[in-house]
Colleague: 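Below you will find the structure I want to go over with you.
Please read these numbers as outputs of a predicted model, since none were measured by experiment. Atoms within each ligand, like the ligands themselves, are counted from 1 in listed order.
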Amino acid sequence: MNKYIAFVLVVAAFIVQANAQCAQNASGTPGSCLCNLGYYGTNAEANGACNQCPTGTLTAAPSSSAGGNTNSGADITVCSVCDKNYYMNKSAGSTAGYKNTPAAAICNACPPGSGNSGVSVQGDVTQCNICTKNYYMTALPVAANAGQNIVAAAATCVFCPDGSSNANGATSVGNVSQCNTCLPNFYMQTAATGSKQAICQSCPIGSGNASGPTAVSDLSVCNICIKNYYMTATASTGVAAKCSPCPANSTNSGSTSISSISSCTCFDSNAVPLSSTITNCQCQNGYFGNVATVLGQLTGCKQCPKGQFTSAGANCNICTAGSTINSDQGGCTCNDSSTGTLPWNPLTNVCECQSGYYGNPSTATTKGTTGSCISCPKGTQSTSGSAQAASDCTQIPGAIVYSVIIYFSAALGTLAILI
Ligand SMILES: *[C@@H]1O[C@H](CO)[C@@H](O)[C@H](O)[C@H]1NC(C)=O
Ligand SMILES: *[C@@H]1O[C@H](CO)[C@@H](O)[C@H](O)[C@H]1NC(C)=O
Ligand SMILES: *[C@@H]1O[C@H](CO)[C@@H](O)[C@H](O)[C@H]1NC(C)=O
Ligand SMILES: *[C@@H]1O[C@H](CO)[C@@H](O)[C@H](O)[C@H]1NC(C)=O
Ligand SMILES: *[C@@H]1O[C@H](CO)[C@@H](O)[C@H](O)[C@H]1NC(C)=O
Ligand SMILES: *[C@@H]1O[C@H](CO)[C@@H](O)[C@H](O)[C@H]1NC(C)=O
């Protein structure tokens with residue numbers, strides 16, 4: 001075999017190797033893939049499958065040794081340990097009797113508030129021997145004693161009161177003073193003492209603290225805005241961040257720095273984006289109806305039929321004579337928009353002359369027509385839309401007296417020149 005062919009073969013083998021993959025939920029190198037922690041399968045290569053262990057159960061760390069969740073012969077009995085906060089009612093193994101069905105460990109959830117860091121041997125509820133985050137412990141687990149009619153019990157765990165918390169949970173018996181931190185969105189006024197929990201106060205409306213304070217703190221720890229609020233001023237010594245609510249029917253994920261109403265998104269996908277000028281959720285131009293009032297709800301804004309306009313969700317309408325619909329179906333533009341015509345107005349939907357002009361722009365047959373409105377003759381006036389012909393313009397009161405004076409002064413001037 002010449003060197004060139006050998007080289008090509010090595011490269012080809014490398015490409016095959018690189019393209020090959022492990023099964024879903026497996027990792028490692030093709031040829032020696034292992035199912036991930038919590039998955040079992042007899043073949044973790046691309047053509048095999050790794051199955052998730054039953055709820056509450058896990059595997060030991062992936063391993064190719066016997067009993068590991070390996071390529072070969074790893075059935076559901078590798079789901080032999082319990083996940084954290086579960087106790088083991090029955091260990092994994094093949095059940096005696098009918099067909100010796102292999103079975104995972106049976107792991108039951110610990111009673112609320114109690115927990116553990118995972119167990120690998122069969123036991124009972126006394127395996128739930130700690131209190132989880134935000135609970136304090138008033139009693140250790142109690143072992144069963146059939147003779148004394150005592151049933152097994154988990155550690156007794158009580159929820160921390162009034163916004164106080166226990167960030168790390170409790171591993172020994174104590175009292176409410178184990179609640180020495182505050183829940184997120186509270187600030188700590190007084191630290192936990194001998195037999196009292198930390199005194200925690202709610203952050204002012206809309207403001208919050210994502211991690212939850214662990215020490216006495218002033219309002220300045222309320223330095224974020226919670227979901228559905230945007231920040232108008234940052235927190236400073238003794239003062240919480242100022243947070244404004246998103247308008248009804250809109251949402252955001254909160255904010256950690258100055259932001260605006262435009263950080264809020266209307267639930268309705270066909271709503272106008274919020275801005276300093278659009279401060280409530282409404283259907284966008286060309287769509288009529290009511291915006292969705294629930295996140296994820298179908299749009300309540302429906303597009304108007306072709307040739308009809310609407311804005312702010314109002315009913316669809318046909319453009320008035322002498323106007324042309326805008327491309328976004330949000331309104332119309334008068335065919336004549338030259339001097340003297342009033343711009344099209346959604347409230348009136350007419351094309352007419354402004355005050356002081358006469359004419360009829362509703363007959364303008366093409367976009368860009370000019371001169372439909374003409375100034376009323378000197379000394380006359382009109383209110384907008386009232387005059388179609390020059391004779392519809394009315395005398396300006398006092399204009400007669402004024403023109404008579406002009407006439408007389410002109411006459412006097414002429415007289416003076418003649419003299
Ligand atoms: C297992 O695989 C599925 C499909 O790829 C994936 O959606 C899932 O997140 C995986 N589970 C874990 C725990 O990685
Ligand atoms: C533990 O398992 C046994 C059967 O193996 C069952 O009778 C019992 O109800 C289980 N206990 C709990 C708390 O699930
Ligand atoms: C509560 O627990 C704390 C800390 O362990 C202890 O100092 C205090 O005496 C206890 N209070 C009561 C009433 O037992
Ligand atoms: C929450 O409070 C802690 C002080 O306990 C502070 O350091 C932190 O910046 C605050 N904000 C957030 C977002 O956690
Ligand atoms: C929220 O949407 C509903 C339905 O469109 C509407 O009736 C309500 O007025 C909206 N709320 C606000 C404040 O815009
Ligand atoms: C206004 O102009 C458009 C486009 O040029 C035209 O289609 C429409 O018929 C005109 N309106 C009137 C009343 O003539």
Colleague: I'd like to check whether Ser195 has a polar contact with ligand 3, where a contact means an N/O of the residue lying under 3.5 Å from an N/O of the ligand.
Modeller: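 No: no nitrogen or oxygen of Ser195 is under 3.5 Å from one in ligand 3.
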
Colleague: So, Thr365 and Asn335: side-chain donor and acceptor under 3.5 Å apart, yes or no?
Modeller: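 No pair is found: no donor N or O on one side chain lies under 3.5 Å from an acceptor on the other.
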
Colleague: What's the shortest distance from atom 13 (C) of ligand 6 to any protein heavy atom, and which residue and atom give it?
Modeller: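 Of the protein heavy atoms, Gly322 N, 2.9 Å lies nearest.
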
Colleague: So if I count the atoms of ligand 5 from 1 in the order they appear, which ones are less than 4.0 Å from some heavy atom of Val291?
Modeller: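 Result: 2 (O), 4 (C), 5 (O).
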
Colleague: Keeping Gln178 on the side-chain end and Met137 on the backbone end, is there a donor-acceptor pair under 3.5 Å?
Modeller: yes

Colleague: Does Gly368 have a heavy atom less than 4.0 Å from any atom of ligand 6?
Modeller: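 For ligand 6, residue contact (heavy atoms, under 4.0 Å) with Gly368 is absent.
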
Colleague: Under 4.0 Å from a heavy atom of Ala248: give me the atoms of ligand 5 that qualify, with their elements.
Modeller: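 Atoms satisfying the 4.0 Å criterion: 11 (N), 12 (C), 13 (C).
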
Colleague: Taking atom types as modelled, is there a side-chain donor on Asn349 or Thr320 under 3.5 Å from an acceptor on the other?
Modeller: no

Colleague: Given Ile325, Thr324, Thr320, identify the one with the heavy atom nearest to atom 3 (C) of ligand 6.
Modeller: Thr324

Colleague: Would you say Gly194 contacts ligand 3, with heavy atoms under 4.0 Å as the rule?
Modeller: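 It does; at least one heavy atom falls under 4.0 Å.
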
Colleague: To check you understand the geometry: which heavy-atom pair defines the closest contact between Phe288 and Ala314, and what is its length?
Modeller: CB-O, 3.1 Å

Colleague: In the protein, what heavy atom is nearest to atom 2 (O) of ligand 6, and what distance, to one decimal place, separates them?
Modeller: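 Of the protein heavy atoms, Asn335 ND2, 2.5 Å lies nearest.
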
Colleague: What part of Asn249 sits under 4.0 Å from ligand 5 if we count only heavy atoms: the side chain, the backbone, both or neither?
Modeller: side chain

Colleague: From the options Asp268, Asn280, Thr293, Asn290, select the one residue that forms a side chain to side chain contact (heavy atoms under 4.5 Å, CB included) with Asn249.
Modeller: Thr293

Colleague: Do any nitrogen or oxygen atoms of Thr363 come within less than 3.5 Å of a nitrogen or oxygen of ligand 6?
Modeller: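 For ligand 6, there is no N or O atom that lies under 3.5 Å from one belonging to Thr363.
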
Colleague: Indicate, as side chain, backbone, both or neither, the part of Thr293 found under 4.0 angstrom from ligand 5 when only non-hydrogen atoms are considered.
Modeller: side chain

Colleague: So which protein heavy atom does atom 12 (C) of ligand 6 come closest to, and at what separation?
Modeller: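 Closest protein heavy atom to atom 12 (C) of ligand 6: Ala364 O, 3.4 Å.
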
Colleague: Mark yes or no for whether Asn116, through its side chain, and Asn85, through its backbone, hold a donor-acceptor pair below 3.5 Å.
Modeller: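 Judged by distance alone, yes, a pair lies under 3.5 Å.
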
Colleague: Minimum distance, heavy atoms only, to atom 8 (C) of ligand 6: which one of Asp336, Thr365, Thr366 is it?
Modeller: Thr365

Colleague: Please identify which atoms of ligand 3 are closer than 4.0 Å to at least one heavy atom of Asn175.
Modeller: 1 (C), 2 (O), 3 (C), 8 (C), 10 (C), 11 (N), 12 (C), 14 (O)

Colleague: Do other residues, nucleotides or ligands put more than 12 heavy atoms under 6.0 Å from Ile258 CD1?
Modeller: yes

Colleague: Given 3.5 Å as the limit, does a donor-acceptor pair link the side chain of Ser255 with the main chain of Cys225, or not?
Modeller: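 No, Ser255 side chain to Cys225 backbone: no donor-acceptor pair under 3.5 Å.
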
Colleague: So for ligand 6, is Lys367 a polar contact partner (N or O within less than 3.5 Å, distance only)?
Modeller: yes

Colleague: Just to confirm my output: which protein heavy-atom neighbour is closest to atom 5 (O) of ligand 5, and how far is it?
Modeller: Asn290 CB, 3.0 Å

Colleague: With atoms numbered from 1 as shown, which atoms in ligand 3 lie under 4.0 angstrom from a non-hydrogen atom of Ser177?
Modeller: 1 (C), 2 (O), 3 (C), 4 (C)

Colleague: Would Ser164 and Asp162 count as a side-chain hydrogen bond (donor to acceptor under 3.5 Å, both in side chains) here? Give the steps.
Modeller: CA-CA 6 Å; Ser164 68; Asp162 302 329; over 6 Å; no

Colleague: Are Asn326 and Thr333 linked by a side-chain donor-acceptor pair shorter than 3.5 Å?
Modeller: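 Yes, because at least one side-chain N or O of Asn326 sits under 3.5 Å from a partner of the opposite role on Thr333.
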
Colleague: For the residue pair Asn285 / Ser311, report whether a side-chain donor-acceptor contact shorter than 3.5 Å exists.
Modeller: no

